[in-house]
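The sequence lines fix the lettering, A, B, ..., with proteins before strands; numbering per chain opens at 1. Since the structure is predicted, the reported quantities are computational estimates derived from the model, not experimental observations.
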Number of protein chains: 2
Amino acid sequence: MNEVLKQGSATTASRIYEMLRQDLLDGRYAAGERLSIALLRETYEVGLSPLREALSRLAAYGLLRQENQRGFRVLELSRDELADITEMRRQLEGKALELAVKHGDEEWESQLLAANHRLLKACSHTPVVEWEELHSRFHNALVAPCGSVWLLRFISQLHDQFDRYRRSAPRAQGLRHQLDAQHQELVELALARNARRARELLEEHITLSSEVAQESCR
Amino acid sequence: MNEVLKQGSATTASRIYEMLRQDLLDGRYAAGERLSIALLRETYEVGLSPLREALSRLAAYGLLRQENQRGFRVLELSRDELADITEMRRQLEGKALELAVKHGDEEWESQLLAANHRLLKACSHTPVVEWEELHSRFHNALVAPCGSVWLLRFISQLHDQFDRYRRSAPRAQGLRHQLDAQHQELVELALARNARRARELLEEHITLSSEVAQESCR
DNA sequence: TTTCTAGTAAAAATCGATTATTTTGCTTAG
DNA sequence: CTAAGCAAAATAATCGATTTTTACTAGAAA
């Protein structure tokens with residue numbers, strides 16, 4: 001097979017995993033919905049084995065729930081869990097940002113400026129999914145040099161959980177400008193190496209997002 | 001099929017998952033080892049599909065790594081990662097214990113005393129695996145009423161990671177008495193609702209375990 | 001002797017078919 | 001008319017066979 005094609009092709013299972021993860025985050029499937037194996041096979045045009053492996057991974061990751069002999073379900077949304085996720089994000093991302101401000105080098109500063117620039121440019125003229133992608137990248141770039149692999153892992157996982165709430169909230173898009181302003185300010189505080197203020201603002205930022213996201217419940 | 005038997009039987013995949021998880025924690029498979037699918041099929045006497053689903057879940061959980069078309073490997077042990085896991089445990093379990101001391105009720109106090117009692121009784125006269133089980137239960141009971149599902153989830157995950165290091169350390173068994181003494185003291189501080197001192201001691205406890213666990217690397 | 005390549009063996013990944021379980025809809029007794 | 005029980009359909013879970021990919025080995029050319 002062609003070398004270039006070979007590079008791009010991971011296993012079928014991991015491709016399905018990524019597609020399903022995106023669609024779950026985008027709210028393509030309703031909270032609590034049961035996912036029919038047969039339907040998914042048709043939708044994603046894949047065989048049974050790789051599909052089930054992808055679903056198993058998503059269940060372990062926390063985006064799906066597997067019931068005894070009753071297949072896979074999308075997890076429900078609840079205010080209590082959103083509060084839990086929000087508080088965990090505040091603490092973990094806050095801590096990570098403090099560490100990142102302490103350890104981040106010039107390369108980090110460049111990446112951060114670049115990520116913020118791309119995000120601002122995509123503010124209103126690009127499709128939602130693209131802004132979401134850039135938004136994730138920005139928050140990831142912010143805490144990347146914190147020095148802890150496990151901290152970053154948990155943060156990503158919570159981010160995915162949070163996005164399920166945020167993206168299904170009706171008013172989510174209207175807040176973009178306000179959030180972007182906070183992103184801008186976060187970059188400035190980070191470059192100024194003001195760890196304490198940066199952390200405080202990030203926690204405010206998360207709380208604000210959470211208030212909007214609440215509208216997705218009930 | 002019989003009702004009682006029905007109760008006990010989860011899916012084949014989840015049974016394999018639990019067995020493999022236990023064996024990985026017990027160090028039955030060497031760090032970095034490649035797991036042969038065919039061999040695993042014979043060992044656990046299962047079919048291909050549920051086995052692969054279990055392996056996929058374990059990979060998502062962080063006990064295995066799946067390489068492109070090269071199957072599943074046990075994750076390596078490294079001092080850096082142990083340090084990372086230890087620091088994360090200190091912070092997350094410390095925080096959780098503070099919350100548990102604040103929110104725990106009488107039921108919690110009873111459970112805690114019971115778990116500690118069982119652990120002390122099993123100190124030297126029972127097989128290792130049983131002590132390990134009771135040890136996990138004790139630490140779980142300690143932080144259980146912290147009020148955050150996600151915090152508990154991350155703590156369990158880190159505990160499993162940590163155990164891979166601790167259980168393969170040669171001197172791990174000799175420390176039991178010292179650790180048990182700390183467990184005793186933790187219970188007393190918890191019942192006395194001394195959140196600050198309890199947290200400090202738990203962090204010491206984790207650090208002590210970590211020093212022993214280090215011997216499993218290189 | 002070393003390096004490259006073709007061929008073969010081994011292993012992983014995927015597929016379609018089969019089996020077991022749950023859900024649904026109909027029938028019948030109360 | 002309701003509800004329990006049974007049969008049929010639908011769906012999930014598992015299995016063995018097939019396909020694809022990688023790892024190994026031997027032989028030829030430099």
Side-chain angles (χ1 to χ4, degrees), chain A residues 1-21 23-24 28-30 32-76, chain B residues 1-21 23-24 29-30 32-61 63-76:
Chain A
M1 191 190 267
N2 188 307
E3 283 293 320
V4 180
L5 283 175
K6 218 171 159 185
Q7 293 262 339
S9 69
T11 72
T12 311
S14 53
R15 281 194 300 104
I16 307 168
Y17 175 85
E18 270 311 319
M19 286 193 288
L20 264 170
R21 175 176 157 275
D23 288 344
L24 285 165
R28 173 165 175 181
Y29 300 100
E33 179 179 348
R34 239 196 53 195
L35 298 178
S36 154
I37 302 274
L39 203 60
L40 292 174
R41 272 185 71 168
E42 289 176 22
T43 308
Y44 298 94
E45 293 176 299
V46 289
L48 195 56
S49 310
L51 175 60
R52 287 191 60 89
E53 285 175 34
L55 293 170
S56 299
R57 284 180 60 186
L58 286 164
Y61 187 64
L63 287 173
L64 294 180
R65 191 158 56 88
Q66 185 172 19
E67 290 174 297
N68 209 336
Q69 307 267 33
R70 252 158 279 182
F72 296 85
R73 296 192 92 88
V74 180
L75 281 178
E76 293 75 15
Chain B
M1 189 190 270
N2 188 308
E3 283 293 319
V4 180
L5 282 173
K6 218 169 156 185
Q7 292 263 337
S9 69
T11 72
T12 310
S14 52
R15 281 194 300 105
I16 307 168
Y17 175 85
E18 269 312 319
M19 286 193 286
L20 264 170
R21 176 176 157 276
D23 288 344
L24 285 165
Y29 300 100
E33 179 180 348
R34 235 197 54 190
L35 298 178
S36 156
I37 301 273
L39 204 60
L40 291 175
R41 270 186 71 169
E42 290 176 21
T43 307
Y44 298 95
E45 295 176 298
V46 290
L48 195 57
S49 310
L51 175 59
R52 288 191 61 89
E53 285 174 33
L55 292 170
S56 299
R57 283 180 59 185
L58 286 163
Y61 187 63
L63 287 172
L64 295 179
R65 191 160 55 89
Q66 186 172 19
E67 289 174 301
N68 210 335
Q69 308 267 28
R70 252 157 282 182
F72 296 85
R73 298 192 92 87
V74 181
L75 281 179
E76 293 75 16

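- In this structure, A:R57 has no side chain to side chain donor-acceptor pair (under 3.5 Å) partners at least two apart in sequence or on a different chain.
- For A:R28, the side-chain contact (heavy atoms from CB on, under 4.5 Å) partners at least two apart in sequence or on another chain are A:D23, A:T43, A:Y44.
- Atom CG in B:L55 sits about 16 Å away from atom P in C:dA11, given to the nearest Å.
- Atom C1' of nucleotide C:dA13 and atom CG of A:L51 are separated by 14 Å, given to the nearest angstrom.
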Whether each nucleotide of nucleotides 6-15 of chain D has a protein heavy atom under 4.0 Å at its base (B), only at its sugar-phosphate (S) or at neither (-) is summarised, 5' to 3', as -----SSSBB
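- Legend: residues meeting side chain to side chain donor-acceptor pair (under 3.5 Å) with B:R41, ordered by chain and number and at least two apart, are absent.
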In residues 32-40 of chain A, what donor-acceptor pairs under 3.5 Å come from side-chain atoms, sequence neighbours left out?
unit_1, atom_1, unit_2, atom_2, d
A:E33, OE1, A:A30, N, 2.8
A:S36, OG, A:A38, N, 3.4
A:S36, OG, A:L39, N, 3.2

Identify every side-chain donor-acceptor pair in residues 45-53 of chain A under 3.5 Å, counting partners at least two apart or on other chains, and give the distances.
unit_1, atom_1, unit_2, atom_2, d
A:R52, NE, B:E53, OE2, 2.6
A:R52, NH2, B:E53, OE1, 3.2
A:E53, OE1, B:R52, NH2, 3.2
A:E53, OE2, B:R52, NE, 2.6

